[in-house]
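The block underneath contains the structure these notes are about, expressed in structure tokens.
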Amino acid sequence: MDKLDLKALGKINLGLDVLGRRENGYHDVRMVMQTIYLYDQIRIEKAKEPGIQIYTNLFYLPVNENNLAYRAADLLMKEFGIKEGVKITLDKHIPVAAGMAGGSSNAAAVLYGINRMFSLGLTQKELMVRGVSLGADVPYCIMRGTVLAEGIGEVLTPLAAMPRCYVLIAKPPISVSTKVVYEKLDSHKIEVHPDIDGIIDGLKLHDLRKVAACMGNVLENVTIEEYPVIEDIKKIMIREGALNAMMSGSGPTVFGLFDDKRRARQAAFGIKERQLARQTYVTSVHNARRR
Ligand code: ATP
């Protein structure tokens with residue numbers, strides 16, 4: 001196998017709660033993660049010259065060891081003493097620095113791909129153990145689907161699959177640093193915790209409306225305080241018929257859940273028309289786990 005094409009899928013958080021802060025600065029979280037069918041296309045090719053070369057359509061992304069895809073390849077190639085080179089091409093579509101785990105998902109795809117391409121024989125669990133050293137969301141991105149993530153995000157429990165629905169993604173033209181959002185959260189007192197158990201019950205009952213009604217993200221107020229555009233986008237989604245709308249991760253991406261594709265498209269149109277977001281996508285949830 002000299003060439004492998006992979007999809008690195010993005011995620012949304014149906015729920016995001018923070019339980020506390022650890023000495024090392026990491027936070028204990030309780031999150032319901034959901035994979036969506038919005039993806040970066042990744043090609044891994046064997047190369048004659050040794051080393052890792054990264055190519056991407058986004059000029060502003062690093063192509064050295066600061067790229068998570070590079071670090072994922074480097075980690076396995078060093079451990080297994082792989083002498084050949086690899087060329088990795090990232091055709092990015094998942095909004096960057098947006099709370100959709102784009103970088104983590106790229107790292108997960110590269111771990112999976114290098115393991116297969118060089119027949120390393122690592123199990124999914126073994127890939128996850130290595131993945132967490134690259135980022136807390138990497139193990140989840142290896143697993144995919146509807147999952148409860150605890151610990152720093154690496155303790156994973158598969159949940160009942162999310163009912164089928166349309167997901168409207170809108171990324172306002174601002175970048176948010178996850179680190180800064182968590183630091184601001186630490187200086188606030190968390191007054192209301194989202195109903196994570198309610199989401200889990202809704203999933204068990206296969207009740208999309210209950211899942212939507214229980215959605216909540218404890219980071220939302222922190223980010224909205226600085227960027228009210230997030231609230232504006234949420235309002236349009238709800239007005240246009242979303243079952244609910246919320247910020248994903250530390251933001252600024254907002255997603256809305258719809259049971260009607262036409263309404264999701266209308267909401268996207270309204271958001272673009274008001275120039276609240278340039279990047280909008282109507283997609284769906286993706287429940288298949290990686291084998
Ligand atoms: P999360 O949801 O895990 O917080 P995110 O959506 O906030 O992730 P990413 O898109 O992963 O953030 O990007 C965060 C930073 O990581 C960017 O500033 C970017 O420069 C860097 N980065 C490194 N490698 C990649 C990659 N392969 N794709 C996207 N960003 C990358």
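We use all heavy atoms of the structure for the numbers below, so side chains are in, but hydrogens, waters and symmetry mates are not. Both counts, for ligands and for their atoms, begin at 1 and track the order of listing.
- Shown here is R265, whose CZ atom has no more than 12 heavy atoms of other residues, nucleotides or ligands within 6.0 Å.
- Checking atom 21 (C) of ligand 1 against the protein gives no heavy-atom contact under 4.0 Å.
- Of the polar atoms of G99, at least one N or O is found under 3.5 Å from an N or O of ligand 1, judged by distance alone.
- Of the N or O atoms in L90, none lie within a sub-3.5 Å distance of an N or O in ligand 1.
- Within a 6.0 Å sphere centred on CZ of R21, other residues, nucleotides and ligands contribute more than 12 heavy atoms.
- Distance check for atom 8 (O) of ligand 1: a protein heavy atom is found below 4.0 Å.
- With a 4.5 Å cut-off on side-chain heavy atoms, I236 and R239 count as touching.
- Residue pairs that meet the salt bridge (Lys or Arg N to Asp or Glu O under 4.0 Å) test with at least one member in residues 108-117, sequence neighbours left out, do not exist here.
- In summary, the atoms of ligand 1 found under 4.0 Å from a heavy atom of V96, numbered by their order in the structure, are 10 (O), 17 (C), 30 (N).
- Within the 4.5 Å cutoff, no side-chain heavy atoms of S250 are placed close to those of K179.
- Residues D207 and R209 are not paired through a salt bridge, judged by the lack of any N-O separation under 4.0 Å between the basic side chain and the carboxylate.
- When hydrophobic side chains of Ile, Leu, Val, Met, Phe, Trp and Tyr are connected at separations under 4.5 Å, F59 ends up clustered with L58, Y60, L61, V96.
- Close approach of ligand 1 to N106 (heavy-atom distance below 4.0 Å) involves ligand atoms 26 (C), 27 (N), 28 (N).
- Linking ILVMFWY residues whenever their side-chain heavy atoms come closer than 4.5 Å, directly or via other members, places Y70 and V63 in the same cluster.
- Protein non-hydrogen atoms do not reach within 4.0 Å of atom 15 (C) of ligand 1.
- Within the listing of ligand 1, atoms 26 (C), 28 (N), 29 (C) sit less than 4.0 angstrom from a heavy atom of K92.
- Residue T178 holds the heavy atom nearest to atom 4 (O) of ligand 1 of all those in I88, V181, T178, D40.
- Taking distance alone, with nitrogen or oxygen atoms compared against 3.5 Å, A97 approaches ligand 1 more closely than that limit.
- At least one N or O atom of A98, backbone or side chain, sits closer than 3.5 Å to an N or O atom of ligand 1.
- Interface of G103 with ligand 1, defined as ligand atoms under 4.0 Å from a residue heavy atom, comprises 9 (P), 10 (O), 11 (O), 26 (C), 28 (N), 29 (C).
- Note on E150 versus R30: salt bridge recorded, some NZ/NE/NH1/NH2 to OD/OE distance being below 4.0 Å.
- Atom 2 (O) of ligand 1 has as its closest protein heavy atom A101 N, 2.8 Å.
- Closest to atom 27 (N) of ligand 1 by heavy atom, among L68, N67, N66, is N67.
- By the 3.5 Å distance cut-off applied to N or O atoms, D137 is counted among the residues near ligand 1.
- Within 6.0 Å of the CD atom in Q275, the count of heavy atoms belonging to other residues, nucleotides or ligands does not exceed 12.
- Of all protein heavy atoms, the one lying nearest to atom 31 (C) of ligand 1 is L61 CD2, 3.9 Å.
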